[in-house]
Visitor: 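Below are the structure tokens for one structure; questions will follow.
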Amino acid sequence: MTPPPLGMLAELTHRCPLQCPYCANPLEMDRASAELDTASWQRVMTEAAELGVLQVHFSGGEPTIRRDLLTLLAHARDLQLYSNLITSGVTLTADSVAALRDAGLDHVQLSFQDSQSAGGDHIGGLQGGHARKLTAARLIREAGFPLTANFVVHRQNLARLPDMIALGEAMGAGRIEIAHVQYYGWGLLNRDALLPMPDQIDRADAVVAEARQRLSGHLVIDYVTPDYYAARPKSCMGGWGRQFMNITPSGRVLPGHAAETLTDLTFPSVRDASLAQIWQTDPAFERYRGTDWMAEPCRSCNRREIDWGGCRCQAFALTGDAAATDPACALSPDHAVMAAAMAAPRSDDFTYRRIGGAPAAVTPP
Amino acid sequence: MTIEATIPNFATGVRLREDKVRGGWVVLAPERVFVPDEHAIAILQLVDGRRTVGGIVDALAAKFDAARDLIATDVIAMLQDLTVKGAIRL
Ligand code: SF4
Ligand code: SF4
């Protein structure tokens with residue numbers, strides 16, 4: 001029997017007031033009319049708790065846009081699920097934050113696009129967005145929530161990494177998450193605008209090392225050197241179908257949030273089967289679970305149960321073969337594509353994430 | 001104030017709950033799950049924001065019919081370790 005998942009990402013909606021060009025949502029987003037209703041989400045959470053899920057991350061799009069968020073949070077609390085709200089913060093008010101508290105929310109992760117308004121509003125595509133996030137951070141802390149400040153970093157904002165860390169400290173975050181853009185979906189579409197330069201990555205590694213030492217025991221910094229610059233890949237989601245499941249707004253169940261980019265797999269829906277059935281028996285979950293699917297060099301590699309061969313979505317996006325070794329690995333025969341992307345000419349222009357905003361035919365670079 | 005007089009509590013956003021599916025108890029924290037061992041569970045079950053460290057030691061000494069100073073050493077070490085990990089506030 002496959003051990004049960006620890007966590008579930010509940011993408012309540014793809015609707016969002018922001019339009020970040022690296023958004024993890026798919027190029028083809030679910031419209032509001034396709035979203036699961038309240039009762040379905042409640043059933044899904046009940047099934048998740050019975051299956052062994054301990055933590056639920058309410059995400060989107062912007063999860064606070066769902067009118068039934070408080071009902072869903074209360075349901076999570078009744079099931080003893082640990083609830084985390086992943087929000088851009090721009091919709092929050094003192095009253096709505098108090099209501100989140102009363103509904104039993106455990107933790108808030110607030111995302112930032114930059115350390116200052118000019119960059120933040122430009123990347124997020126929402127005038128005044130950054131200022132609203134700063135207000136949200138204050139309201140969240142005043143309500144007594146533990147706070148994680150999330151900064152997505154790329155070539156156009158990495159110079160301000162020290163300011164981002166200082167901002168996280170100043171707002172009283174218990175954790176700061178510094179996440180490099182992941183290059184599939186919208187991120188891949190905008191890669192030439194966002195992929196950092198090698199010297200920026202070296203500097204970022206040093207900035208984080210210094211800050212970690214200075215803030216040790218007081219504030220945790222989550223940071224991973226990006227794939228395009230690493231010799232070995234990261235374990236993606238702790239391994240395919242091992243710890244985590246992701247539910248899309250319309251009810252598709254995925255092993256990771258970008259899995260729908262794997263166009264040769266069909267993912268199950270909560271409308272057709274229980275989460276337990278899906279987790280234990282669905283062929284898409286079985287496909288890359290464990291190590292049996294691996295070819296060389298992963299098959300005989302001593303890291304195969306550490307990184308599980310890296311990210312299937314990245315392998316597919318960059319090699320066209322989802323069962324290939326993640327090209328982030330220096331042992332991959334395709335590893336040169338990473339260096340080629342790092343050496344490619346850059347541009348500052350990007351395509352904003354909008355429903356229907358992706359070019360009709362997206363040719364992978 | 002001596003350590004025995006302090007009142008330990010879970011850090012904000014951290015809680016202990018039973019994990020009926022896997023069996024045992026877990027500490028849930030922002031983006032993390034700790035799986036405490038049996039000793040730690042016995043201690044954490046007594047952390048309620050009212051009992052002092054000394055009170056926890058008394059309760060465990062009575063429960064396990066063990067020497068109080070041995071228990072005290074264990075309890076204090078455990079709570080200090082979990083404080084460093086950010087799960088407990090002393
Ligand atoms: S990444 Fe940006 S656009 Fe995408 S859901 Fe988050 S805030 Fe909205
Ligand atoms: S060969 Fe495969 S298992 Fe080994 S380090 Fe590279 S990606 Fe990981």
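Basis for what follows: all heavy atoms, side chains included, without hydrogens, waters or symmetry-related copies.
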Visitor: I'd like to know whether A:L6 forms a side-chain contact (heavy atoms from CB on, under 4.5 Å) with B:R22, so could you lay out the CA-CA distance, the side-chain angles of the two residues, the decisive distance to 0.1 Å, and finally the verdict.
Guide: CA-CA 11 Å; A:L6 289 167; B:R22 295 169 189 79; 3.7 Å; yes
Visitor: Tell me which of these, A:P146, A:G174, A:G144, has more heavy-atom pairs under 4.5 Å with chain B than the rest.
Guide: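 When all of A:P146, A:G174, A:G144 are compared, A:P146 has the most.
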Visitor: Pick one of side chain, backbone, both or neither for B:A11, based on which atoms fall under 4.5 Å of a heavy atom in chain A.
Guide: neither
Visitor: Just give me the residue among B:L28, B:T12, B:D19 that pairs up with chain A most often, heavy atom to heavy atom, under 4.5 Å.
Guide: B:L28
Visitor: Show the nearest heavy-atom pair for residues B:R17 and A:L79, with the distance to one decimal.
Guide: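 Distance-wise, the nearest heavy atoms are NH1-O, 4.1 Å.
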Visitor: Under 4.5 Å from any heavy atom of chain B, what part of A:Q80 do you find: side chain, backbone, both or neither?
Guide: both
Visitor: Heavy-atom distance under 4.5 Å to chain B: side chain of A:N84, backbone, both or neither?
Guide: side chain
Visitor: Looking at every non-hydrogen atom in both residues, tell me the closest pair between B:V21 and A:A49 and how far apart they are.
Guide: CG2-O, 3.9 Å
Visitor: By a 4.5 Å heavy-atom criterion (distance strictly below it), what part of A:L105 contacts chain B: side chain, backbone, both, or neither?
Guide: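 Neither part, no heavy atoms under 4.5 Å.
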Visitor: Do side-chain atoms of A:Y82 reach the backbone of B:G13 as a donor and acceptor pair under 3.5 angstrom?
Guide: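 Yes; at least one donor-acceptor contact below 3.5 Å.
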Visitor: Where do A:Q109 and B:E31 come nearest, in terms of heavy atoms and distance?
Guide: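 Minimum heavy-atom separation between A:Q109 and B:E31: OE1-OE2, 3.2 Å.
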